[in-house]
Amino acid sequence: MTQTPLRPALAVLAAALLAGCVVIPVPASRGKTTVVAGPAPASASCPRPQGATADEARILAQVNALRAARGLGRLTPSSRLRQVAQAHACDNAARGSYSHTGSDGATLQTRLHRYGYAPRRASENTGYGFDDAPDRLVAFWMNSPGHRANLLDPRVTEAALGLAQGTRSAWVLELALPR
């Protein structure tokens with residue numbers, strides 16, 4: 001069977017969409033940023049579920065153990081990144097989604113700026129489900145090349161997890177290197 005030029009492009013697009021992760025290398029800028037953040041959508045506000053703080057600590061400990069086993073630096077929790085992650089988790093839960101694009105069209109870079117986080121580098125892993133065993137989420141991410149690359153990126157130093165309940169749990173892990 002002959003492949004048309006469109007098929008490889010569709011395969012790459014499908015792989016990118018299914019990977020559930022995005023990496024945004026943010027170059028050092030001179031002067032003011034051109035990102036227009038605007039207010040967060042209403043769906044970006046919801047209470048953190050009971051146990052979310054413990055889930056975040058457990059998941060970050062697992063990620064840090066994986067990083068340490070490879071000689072990589074430890075990720076420290078960031079309260080500012082937690083705001084970004086939680087807002088996007090709420091937005092995703094409200095839509096029953098694990099998208100990297102907000103309901104208002106916001107990208108990761110826009111959301112970071114919206115919450116006052118100026119990154120040099122940032123990436124995001126999302127997940128949907130894993131309600132009964134959040135520890136499986138890290139295994140899921142480690143078995144996905146894009147997610148794995150984000151978790152093991154030696155250039156990021158901070159992380160935070162957002163968790164929101166909808167029909168299923170919506171998870172957002174933000175990893176970044178601040179300016």
Measure from the side-chain N and O atoms of [X] to the backbone N and O of [Y], and report whether any donor-acceptor pair falls under 3.5 Å.
X: Asn143; Y: Ala139; value: yes
X: Arg67; Y: Asp153; value: yes
X: Glu174; Y: Leu81; value: no
X: Asp91; Y: Gly102; value: no
X: Arg82; Y: Pro77; value: no
X: Arg179; Y: Pro119; value: yes
X: Arg48; Y: Gln86; value: no
X: Trp141; Y: Thr126; value: yes

What's the separation between atom [atom1] in [X] and atom [atom2] in [Y], rounded to the nearest 0.5 Å?
X: Phe130; Y: Trp171; atom1: CZ; atom2: CH2; value: 9.0 Å
X: His88; Y: Ser97; atom1: NE2; atom2: OG; value: 7.0 Å
X: Leu151; Y: Arg70; atom1: CG; atom2: CZ; value: 9.5 Å
X: Ser169; Y: Leu137; atom1: OG; atom2: CG; value: 9.5 Å
X: Leu112; Y: Leu108; atom1: CG; atom2: CG; value: 4.5 Å

Would you mind reporting whether [Y] and [X] have side-chain heavy atoms less than 4.5 Å apart?
X: Asp55; Y: Leu163; result: yes
X: Ile59; Y: Glu56; result: no
X: Tyr117; Y: Pro178; result: yes
X: Leu152; Y: Met142; result: yes
X: Val172; Y: Glu124; result: yes

List the steps and the verdict of side chain to side chain contact (heavy atoms under 4.5 Å, CB included) for Thr167 and Tyr128.
CA-CA 10 Å; Thr167 306; Tyr128 192 65; 4.0 Å; yes
Report whether Leu177 and Leu161 are members of the same hydrophobic cluster (ILVMFWY, side-chain heavy atoms less than 4.5 Å apart, transitive linking).
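Result: no, two separate clusters.
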Do Leu72 and Leu173 share a hydrophobic cluster (ILVMFWY, side-chain heavy atoms under 4.5 Å, transitive)?
yes
Quick one: do Arg114 and Asp104 make a salt bridge, cutoff under 4.0 Å?
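A salt bridge is present here (some side-chain N lies under 4.0 Å from a carboxylate O).
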What are the two closest heavy atoms between [X] and [Y], and how far apart are they?
X: Ala170; Y: Ala93; value: CB-N, 3.7 Å
X: Val156; Y: Asn150; value: CG2-O, 4.3 Å
X: Asn92; Y: Arg95; value: OD1-NH2, 2.7 Å
X: Tyr115; Y: Arg80; value: O-CD, 2.5 Å
X: Ala85; Y: Ala160; value: CB-O, 3.9 Å

